[in-house]
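In the text below, chain A, chain B and the rest are named by the order of the sequence lines, each starting its count at 1.
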Amino acid sequence: MTNKKVVIPIGPQHPALKEPGCFTLTLEGEKVTNAVVGVGYNHRGLEKSCESRSYIQCLYIIERVCGICSHSHSTNFLRAVEQIAGVEISRRANYIRVLMAELERLHSHLLWLGVAGHIIGFDTLLMYSWRDRELVLDQLATIGGNRVNYGINTIGGVRRDIDAQNIEDLKKMCTIVEEQAKYYAQIALTETTLAARLGGVGKLSHDDCIKYGAVGPTSRAAGVADDIRKTDPYCLYEEMPFDVITTEYADVFGRTVVRVLEIFESVKIIRYVLDNLPDGELVVKVPRKIPAGESVTRYEAPRGEDVHMVRANGTEYPERVRVRAPSEANWHGMAHMIEGDYLADAPLIIAAIDPCYSCTDRKIIVDNKDTETQSVLDWNQLRQYSIDWYKNRGIDTTKIQIPEKKLYF
Amino acid sequence: MSKEEQVIQQIVAKFPFLEGKLTNPYDRRIHAEPLYKEDFEKVLDWLATEGGFDTFHLVIGFDSGENLEFVYVLSNADKIILNVKQYAPKSNPVINSVVKYYKNCIWHERELIDLFGATVEGLPEGPHYPLPDGWPEGQYPMRKDWKVEYFDKNTMTYNPPAPEAKEETPEAPAEN
């Protein structure tokens, strides 16, 4: 059997994440000797559709590039538009954008921690971290009205304010999440089974991170102290007290440690925002027609550097919008990370960059032309459909008593 | 003198034809005017090897009418973002890959092939990206003249309306 090579396609359905990507792995025994990454299954034509829509319509499309990083994309897009228009938004609006950004980072990191736990068979970690993530999502939903796609941003500022009750709830949430994160940090740094499972897997060295352009926790885990919030600050991040977390492990273990420790930094920033929320208008007026110009903006999304470029032509419609999501940057080093490792590690290595295929490929179009095989439901129709679906299976959801909501501790 | 101005001076000293073609519209941002292939490659080679612009973020395609425009977003150790731009005639948009300088350009350049119809020479072989298998040859959806409403996704064909035939004006009936 020696020298026999076997080619195994993994995908287009990812074995751990519910998104499409195809990885063609060449194996010698159980070791991967060659990996070819295939993405593009989610290409949805976002950038093209932005060209025929007004800036405010584009905002709603851009927010839907990604469910998890929705605020990251919309903020970055708006910063480009506001920069071209020469508009300075209020300090309060900037602080609220930062607050939402850090809540988003919290829920994204907790989500990833659960997914990683699930992949390595540590489902208790999945249950714990997703339980805590719900607390963050509750706060996002309270402020923005939605668990994802909060719709907080608008051109020239933010659409919703933070009141005293929000501040009290957020501080309570911060206390709980911080306490739990201490527990996760303890597990990550001291639990030997976790270190044995994650250590040395999916190596991408400091130099390789730079060579392949890796971003976010992937590169910070290899000691690249590159955090856009520090190196190219935006939304008044220069005022926020936080440290850039790096490790020297350069593997999946390091990526886990970085994400867990970044939870503390996000909590620190949220507390600072809540204690120092400046007064000011939520929105400043921005003309519908944006003057000709172009801008490249960068943003530290939970998964890493998000780059947007907007070119305006003096009309209500952008000439060109380009989104380079963090996952798109992290794919370049993926083959290098997988090669040399075991086949069984491939799903974990792929998941360790916290990939978002939708981010990479961008945009969706829903049309209702094919009425025989497709239909678009409104909210009430969807709700009724789900009630009927369960009823047909003997479950009447309308009779379920929902207990009063309690915190878990 | 700001760091951005220092970088501009350094580039102009090396390439005098860029005098007045580099601007600093925002903090940590330098924009260059588009160059044609030969000049662009000289400038990029220097930026990547001696100029300190060793980080490649992305390349963005534009349809600028007669030309396709490609904007390369680079940065240096001071985190200054430099947009260098290359023009290629739309009738024959051949550019060279920058993979010898930046390993992470491959997916971005494949996107230029699929979406803009660029020919990128020197790009390693690999799967096309991001359009689906079976996409019709010669259809480049990010070009401005390509309209989504003429594309039939069921048959994967692009069916623009036929140019309107000139209506022949009937001759006036001869008066008797």
* **Arg110(B) versus chain A, the contacting section by heavy-atom distance below 4.5 Å** => neither

* Distance (rounded to the nearest 0.5 Å) between Asp232(A) CG and Ile81(B) CD1 -> 6.5 Å

* Structure fact -> Okay, Ser295(A) and chain B: the region with an atom under 4.5 Å from a heavy atom over there is both

* What part of Val296(A) gets closer than 4.5 Å to chain B, counting heavy atoms only: side chain, backbone, both or neither? -> both

* **Part of Glu294(A) lying under 4.5 Å from any heavy atom of chain B** => both

* **Polar side-chain atom of Lys79(B) near backbone of Ile228(A) as donor-acceptor pair, under 3.5 Å** => no

* Asked: Can any side-chain N or O of Arg320(A) pair as donor or acceptor with the backbone N or O of Gly61(B) at less than 3.5 Å?
  -> yes

* With a 4.5 Å heavy-atom cut-off (strictly below), which parts of residues 82-102 of chain B touch chain A? List them by number. => Asn83(B), Lys85(B)

* Asked: With only heavy atoms counted, which part of Pro141(B) is less than 4.5 Å from chain A, the side chain, the backbone, both or neither?
  -> backbone

* Positive for side chain to side chain contact (heavy atoms under 4.5 Å, CB included) with Asn104(B), one of Lys211(A), Glu328(A), His332(A) -> His332(A)

* **Glu19(B) atom CD, neighbour heavy-atom count above 12 within 6.0 Å** => no

* Structure fact -> Max heavy-atom pairs within cutoff under 4.5 Å with chain B, candidates Glu319(A), Arg311(A), Met309(A), goes to Arg311(A)

* **Minimum heavy-atom distance between Thr297(A) and Arg29(B), given as atom pair plus value** => CA-NH2, 4.1 Å

* To do: For each of Val37(A), Val307(A), Thr24(A), Val36(A), tally heavy-atom pairs with chain B at distances under 4.5 Å, and name the one with the top tally.
  => Val37(A)

* To do: Step by step, work out the side chain to side chain contact (heavy atoms under 4.5 Å, CB included) result for Arg322(A) and His108(B).
  => CA-CA 11 Å; Arg322(A) 173 74 164 94; His108(B) 301 293; 3.4 Å; yes

* Asked: Among Lys144(B), Arg143(B), Lys147(B), which one satisfies salt bridge (Lys or Arg N to Asp or Glu O under 4.0 Å) with Glu51(A)?
  -> Lys144(B)

* Minimal non-hydrogen separation, His43(A) against Leu131(B), with atom names -> CD2-CD2, 3.9 Å

